[in-house]
Trainee: 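Below is one structure. I have some questions about it.
Every chain is numbered from 1 and lettered A, B, ... according to where its sequence line falls, protein lines coming before strand lines.
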Amino acid sequence: MPELPEVETTRRGIEPACLGQTITEVIIRQRSLRWPIPRGIEQKLKGAVFNKVGRRAKYLLLELERNIARNNYATLIIHLGMTGTFRVLKQGTTAKKHDHIDILLGNNTLLRLRDPRRFGAFLLTTEPIEKHHLLSNLGMEPVLHDYTAEEVGKHLYTQSRKRKTSIKSLLMDQKIITGVGNIYACESLFLSGIHPKRGCNRISERHYLTLAEAIISTLTTSIKQGGTTLQDFRNSEGKPGYFQQQLLVYGRDDESCTKCGAIIYKITQNQRSSWYCPRCQH
DNA sequence: CGTATCTCCTGCAAGC
DNA sequence: TGCTTGCAGGAGATAC
């Protein structure tokens, strides 16, 4: 499931393949993703050049330039949802089931979006990207903007004072901090010794600093490993990530805690699974 | 406004 | 073996 490290891995993979390249054709086989892919987007994309391959939270932001003199810019917003992959392939590679979109480039390669569960998004906007409704309310970006652990911890501490929700829920709230999905929330809480059900306003500033350090190190390490592959994720070259080999609690119910040997528990919070060590996390 | 619940979708696995 | 059922989950929409 693409979370921040998987999206960043994808971003880094496609960047060299498409920067400066012209879109020669766009093929869409399935238009019903999370939102219907707008009619006519193929024609709007054709002829455009990739200017920048960016990211905000779990959104890939592909900046396009259509006509330099007229200053005609647009941004392609891509979200990988639950099962999305975005890969660089040679033109002529046969499309399989769930290969919904091909973007053909001038250098005889193509970018292919595959998304079996179709929770992803593929949208085009011309408004300033920070004002787009999907992005305008996003919270602190923990890795991309190079925030220090002190800044992230202080931010979480401040935000948590007026809230009643659990710390797990706070971490999963993209308006507070972006890119921390279920896997990395569970892992970060384990590393910092905080119980996922703990009320977020009952955690000290000092503990928030520890948590922030855990979040940053977990995300950074995972990006270095190419992300986490549980079942579906593949990077832009079709290769899996390797971070799952060092997941400490996620998906490990009934196994022994690597720190203390206690049995890892699995509980449900906000309709989501949480894993934690009952002895290490309070 | 903050929080909980529902929803989209497909593939896999467990259970009968 | 083959069916049904449950579950996985990012995040917007909706209800309270």
Side-chain angles (χ1 to χ4, degrees), chain A residues 1-11 28-38 55-61 77-86 95-101 113-123 125 131-142 156 158-188 196-202 219 222 227-234 240-241 243-244 247 249-254 266-275:
Chain A
M1 299 127 222
E3 292 185 27
L4 185 146
E6 293 76 56
V7 178
E8 179 61 20
T9 297
T10 300
R11 189 198 70 74
I28 301 177
R29 305 181 189 84
Q30 166 64 269
R31 305 194 86 89
S32 75
L33 300 186
R34 193 175 204 297
W35 297 282
I37 297 175
R55 177 183 65 74
R56 175 78 168 101
K58 297 168 195 167
Y59 294 92
L60 284 170
L61 303 174
I77 303 174
I78 296 175
H79 196 293
L80 299 177
M82 292 295 305
T83 53
T85 59
F86 199 45
K96 294 184 179 167
K97 193 179 179 184
H98 308 308
D99 287 341
H100 305 318
I101 302 168
L113 183 76
R114 173 181 298 179
D115 186 7
R117 292 182 206 172
R118 289 157 54 197
F119 274 15
F122 191 84
L123 301 165
T125 182
K131 291 190 175 164
H132 191 274
H133 72 279
L134 288 175
L135 302 159
S136 59
N137 292 317
L138 290 173
M140 184 179 242
E141 184 77 45
L156 291 175
T158 307
Q159 292 293 315
S160 67
R161 290 309 92 180
K162 48 199 168 185
R163 291 172 177 269
K164 290 184 172 154
T165 195
S166 67
I167 182 59
K168 169 84 182 311
S169 199
L170 187 83
L171 291 184
M172 300 275 287
D173 188 339
Q174 303 299 302
K175 294 189 289 297
I176 305 289
I177 184 168
T178 69
V180 184
N182 203 29
I183 296 173
Y184 300 106
C186 291
E187 293 299 301
S188 304
K197 276 195 169 174
R198 181 100 158 265
C200 69
N201 61 354
R202 290 175 48 241
L219 293 175
S222 182
T228 302
T229 296
L230 294 179
Q231 37 186 326
D232 303 302
F233 178 71
R234 291 294 183 277
F243 189 70
Q244 72 277 8
L247 292 177
V249 287
Y250 184 92
R252 297 200 177 278
D253 42 309
D254 298 333
K266 176 187 176 183
I267 57 171
T268 299
Q269 279 181 282
N270 311 96
Q271 327 276 89
R272 294 287 177 264
S273 294
S274 296
W275 287 265

Trainee: Expressed as a whole number of angstroms, how long is the span from A:Ile78:CD1 to C:dG10:C1'?
Mentor: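 For the pair A:Ile78 CD1 and C:dG10 C1', the rounded distance is 17 Å.
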Trainee: For B:dT3, does either OP1 or OP2 sit under 4.0 Å from a side-chain N or O belonging to A:Arg163?
Mentor: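 The answer is yes; a side-chain N or O of A:Arg163 sits under 4.0 Å from OP1 or OP2.
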Trainee: Given C:dG10, is OP1 or OP2 found less than 4.0 Å from the side-chain N or O atoms of A:Tyr184?
Mentor: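 Answer no for this pair, as no side-chain N or O of A:Tyr184 is under 4.0 Å from OP1 or OP2.
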Trainee: What's the CD-P distance between A:Gln269 and B:dA4, to the nearest Å?
Mentor: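 About 10 Å, once rounded to whole Å.
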Trainee: A:Phe119 on top of C:dG10's base, within under 5.5 Å and under 30°?
Mentor: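 It does: the ring sits over the base of C:dG10.
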Trainee: On DNA chain B, nearest-nucleotide positions of A:Lys97 versus A:Lys175: which is more 5'?
Mentor: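 Upstream on the strand: A:Lys175.
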Trainee: From the set C:dG10, B:dT10, C:dG12, return the single nucleotide nearest to any side-chain atom of A:Tyr59.
Mentor: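 So the nucleotide nearest the side chain must be C:dG12.
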Trainee: Hey, is the side chain of A:Lys168 poking within less than 4.0 Å of OP1 or OP2 on B:dT3, counting only N and O atoms?
Mentor: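 For B:dT3, OP1/OP2 do not have a side-chain N/O of A:Lys168 under 4.0 Å.
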Trainee: In terms of ring plane angle, is the pair A:His79 and A:Tyr59 parallel, tilted or perpendicular, where the classes change at 30° and 60°?
Mentor: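 A:His79 and A:Tyr59: perpendicular rings.
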Trainee: Any donor and acceptor pair, going by atom type alone, linking the side chain of A:Arg31 with main-chain N or O of A:Ile37 inside 3.5 Å?
Mentor: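 At least one qualifying donor-acceptor pair exists.
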Trainee: Would you say a side-chain N or O of A:Ser273 is under 4.0 Å from OP1 or OP2 of C:dG9?
Mentor: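 For C:dG9, OP1 or OP2 has a side-chain N or O of A:Ser273 closer than 4.0 Å.
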Trainee: State whether A:His98 places a side-chain N or O below 4.0 Å from either non-bridging phosphate oxygen (OP1 or OP2) of B:dG11.
Mentor: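 Yes.
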Trainee: For the CG atom of A:Leu33 and the CD1 atom of A:Ile101, what is their distance to the nearest 0.5 Å?
Mentor: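 With rounding to 0.5 Å, CG (A:Leu33) is 5.5 Å from CD1 (A:Ile101).
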Trainee: Look at all strands and tell whether A:Arg118 reaches a base, only sugar-phosphate, or nothing, counting heavy atoms closer than 4.0 Å.
Mentor: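 Since only primed, P, OP1 and OP2 atoms lie under 4.0 Å of A:Arg118, the category is sugar-phosphate.
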Trainee: Strictly below 4.0 Å: does A:Arg272 bring a side-chain N or O up to OP1 or OP2 of C:dG9?
Mentor: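 Checking A:Arg272 against C:dG9: no side-chain N or O falls below 4.0 Å of OP1 or OP2.
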Trainee: If you find the nucleotide of DNA chain B closest to A:Ser32 and the one closest to A:Gln271, which residue's nucleotide is nearer the 5' end?
Mentor: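 Closest to the 5' end, via its nearest nucleotide, is A:Gln271.
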Trainee: Check the distance between C:dG10's C1' and A:Asn182's CG and give it to me in whole angstrom.
Mentor: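 It works out to 10 Å between those atoms.
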Trainee: If I compare all heavy atoms of A:Leu80 with all of A:Pro2, which pair ends up nearest, and what's the gap?
Mentor: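 Closest approach of A:Leu80 to A:Pro2: CB-CG, 3.7 Å.
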Trainee: Measure from the side chain of A:Arg117, starting at C-beta and using heavy atoms only, and say which of B:dA4, C:dA8, B:dT3 lies closest.
Mentor: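 Among the listed nucleotides, the one closest to the side chain of A:Arg117 is C:dA8.
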Trainee: With a 4.0 Å limit, can you tell me whether A:Lys162 has a side-chain N or O closer than that to the phosphate oxygens OP1/OP2 of B:dG2?
Mentor: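 Answer no for this pair, as no side-chain N or O of A:Lys162 is under 4.0 Å from OP1 or OP2.
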Trainee: Rounded to whole angstroms, how far apart are CD1 on A:Ile177 and P on C:dG10?
Mentor: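 One finds 15 Å between P of C:dG10 and CD1 of A:Ile177, rounded.
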Trainee: Using a heavy-atom cut-off of 4.0 Å across all strands, would you classify A:Leu80 as base, sugar-phosphate, or nothing?
Mentor: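 Result for A:Leu80 = nothing.
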Trainee: Can you check whether A:His79 has a side-chain N or O nearer than 4.0 Å to OP1 or OP2 of C:dG10?
Mentor: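 Looking at the OP1 and OP2 atoms of C:dG10, neither is under 4.0 Å from any side-chain N or O of A:His79.
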Trainee: Of the candidate nucleotides B:dT10, C:dG10, B:dT3, which contains the atom at the shortest distance from the side chain of A:Pro116?
Mentor: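 Among B:dT10, C:dG10, B:dT3, the one nearest the side chain of A:Pro116 is B:dT10.
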Trainee: For A:Leu33 and B:dT7, give me the distance from atom CG to atom P, rounded to whole Å.
Mentor: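 Spelled out: CG on A:Leu33 to P on B:dT7 is 21 Å.
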Trainee: Could you state the atom-to-atom distance from CD1 of A:Ile183 to C1' of C:dG10 in whole Å?
Mentor: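 Going from A:Ile183 (CD1) to C:dG10 (C1'), I get 12 Å.
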Trainee: After noting the C-alpha distance and the side-chain angles of A:Asn270 and A:Met172, does the key distance pass the side chain to side chain contact (heavy atoms under 4.5 Å, CB included) rule?
Mentor: CA-CA 10 Å; A:Asn270 311 96; A:Met172 300 275 287; over 6 Å; no
Trainee: Between A:Leu171 and A:Ile177, which heavy-atom pair has the shortest distance, and what is it?
Mentor: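 Shortest heavy-atom contact: O-CG2, 3.7 Å.
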Trainee: Verify, without hydrogens or angle tests, whether A:Glu3 (side chain) and A:Asn182 (backbone) share a donor-acceptor contact under 3.5 angstrom.
Mentor: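 Flag set: sc A:Glu3 to bb A:Asn182 pair under 3.5 Å.
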Trainee: Looking at the side chain of A:Asn270, which of B:dG11, C:dA11, B:dA4 is the nearest nucleotide?
Mentor: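 The answer is B:dA4.
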Trainee: Distance check needed: C:dG9 C1' versus A:Met172 CE, whole Å only.
Mentor: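 A:Met172 atom CE is separated from C:dG9 atom C1' by 8 Å.
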Trainee: Would you say a side-chain N or O of A:Thr165 is under 4.0 Å from OP1 or OP2 of B:dA4?
Mentor: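 The answer is yes; a side-chain N or O of A:Thr165 sits under 4.0 Å from OP1 or OP2.
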Trainee: Expressed as a whole number of angstroms, how long is the span from A:His100:NE2 to B:dC8:C1'?
Mentor: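 Answer to the nearest Å: 13 Å.
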Trainee: Does A:Tyr250 have a side-chain nitrogen or oxygen under 4.0 Å from the phosphate oxygens OP1 or OP2 of C:dG9?
Mentor: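 True: A:Tyr250 side-chain N/O within range (under 4.0 Å) of C:dG9 OP1/OP2.
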